[in-house]
Amino acid sequence: MDSQRFLPKGAISVDVPYDGPPKTFYFLLLPKTTMLAFSAAIEPLRISNQLARKQLFEWYVLSPDGAPVTCSNGIGIQVDHQMHDLSKEAYTFVCSGTEPMASLDPTVLNWIRRQKAHGCEFGGICTGAFALAKAGLIGSKRFTVHWENRPGFCENFSAMVPSQNLYEIDGQLRTCGGGHASTDMMLEVIEEMFGNALAVSVSEMCLHRRAGDSDSQQISSVSAVLGTRNAKLIEAVQIMRDYIESPLSLEAVAKQASLSRRHMERLFRQHTNMSPGQFYNNLRLDRAFALLSETDLSVSEIAFAAGFSSTDRLSVHFRSRYKISPHNFRRSWAQDGTQK
């Protein structure tokens, strides 16, 4: 492999006192991988080499069969190899994206298990944790997935709960929610291997403001979403989010938030232009939409998971908001080939 691929020229340099062999990273791309998350993980490795003026890292891209992989944006990516046995010193990341359950081929899962048994360290990018969970690599370790896919993950793997952080590093398991969180995770890997000075310089080259640590949340706080810091409203919304599957009465929400029902009504009208009931109902419909898109659960199972007493109740509210029934929504995806 041409060394110029791994050692590009640059105008800035950083002294890195390391003379050992390069660290080898493999990226297994599954169908509909998100390109942003994948590229945001590789570029920090490339920039590290460029700044150090030596080959600290090398990286290779795999697909299950060696064929190009079509990303979620429809663009194809050429790969270096098909899946094969790797050195036990290798760092391997499973990259996935939309419809992660549909990409869990038994051949892929068996390969992951075999490489892990051989000694490889594994990680997941965006929804790569779906494959790691199915292959049995997560167990009780801390991990994360993209926030959009969190409800689907929890329904498919009820014994495992992903964090809502940008990334998680727990021993040899490294996972991130995708997007620019891939860069944050790799910057921590670079710092761990080659020091803070290089990680800071790579961050500056990426024009990326580092999150600081893995405890940074993937999505905006409730206060940012609502555009208010009203503590009682924020508390009421968080209670609703915590009780999606088994929704509370509005009286119970108000009581837990130490509000009168009338005061809660005024706060929601003022800051969301909705009643508390409408807001709560939309949260539950958001959950139903996500599960219809990301899981193979039946519509009746999804209805109960989203806190609706029956399929009919879900259908009425779903059609009112999305102008299509849950069954037809799922069927329309299957017909145009974008969802099984």
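Note that the coordinates shown come from a computational prediction; the quantities given were computed from them, not determined experimentally.
The pair R174-E121 counts as a salt bridge, with a side-chain nitrogen and a carboxylate oxygen less than 4.0 angstrom apart. Ion pairing of D184 with R209 is absent here, as no side-chain N (NZ or NE/NH1/NH2) approaches a carboxylate O to less than 4.0 Å. Salt bridge D296/R330: absent, no basic N to carboxylate O contact under 4.0 Å. Between E265 and R261 there is a salt bridge, since a side-chain N of the basic residue sits under 4.0 Å from a carboxylate O of the acidic one.
For K54, the side-chain contact (heavy atoms from CB on, under 4.5 Å) test picks out D19, A52, L56, with sequence neighbours left out.
Sequence neighbours left out, the pairs with a member in residues 236-269 that pass ring-ring contact (aromatic ring centres under 6.0 Å, His included) are F268-F279.
The closest side-chain heavy-atom distance from L36 to H180 is below 4.5 Å. Considering only heavy atoms from C-beta on, I302 stays 4.5 Å or farther from F318 through its side chain.
Between F329 and Y322, the gap from one ring centroid to the other reaches at least 6.0 Å. Here the two rings, on F57 and Y91, have centers that are 6.0 Å apart or farther. In this structure, the ring of F143 has its center no less than 6.0 angstrom from the ring center of F157.
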Full working for salt bridge (charged side-chain N to carboxylate O under 4.0 Å, His left out) between R321 and D286: CA-CA 10 Å; R321 182 176 179 185; D286 289 342; 2.9 Å; yes
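Note: M186 CE to E43 CD = 11.5 Å, rounded to the nearest 0.5 Å. Atom CD of Q164 is separated from atom CG of L166 by 11.5 Å, given to the nearest 0.5 angstrom.
Under a cut-off of 6.0 angstrom, the local environment of NZ in K255 is sparse, with at most 12 non-hydrogen atoms contributed by other residues, nucleotides or ligands.
Between N49 and F6, the shortest heavy-atom distance links the atoms ND2-O, 2.6 Å.
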Tabulate below the donor-acceptor pairs under 3.5 Å that side-chain atoms of residues 61-72 make, not counting sequence neighbours, or state none.
residue, atom, partner, partner atom, Å
S63, OG, G66, N, 2.8
S63, OG, A67, N, 3.1
S63, OG, A67, O, 2.8
D65, OD1, A67, N, 3.0

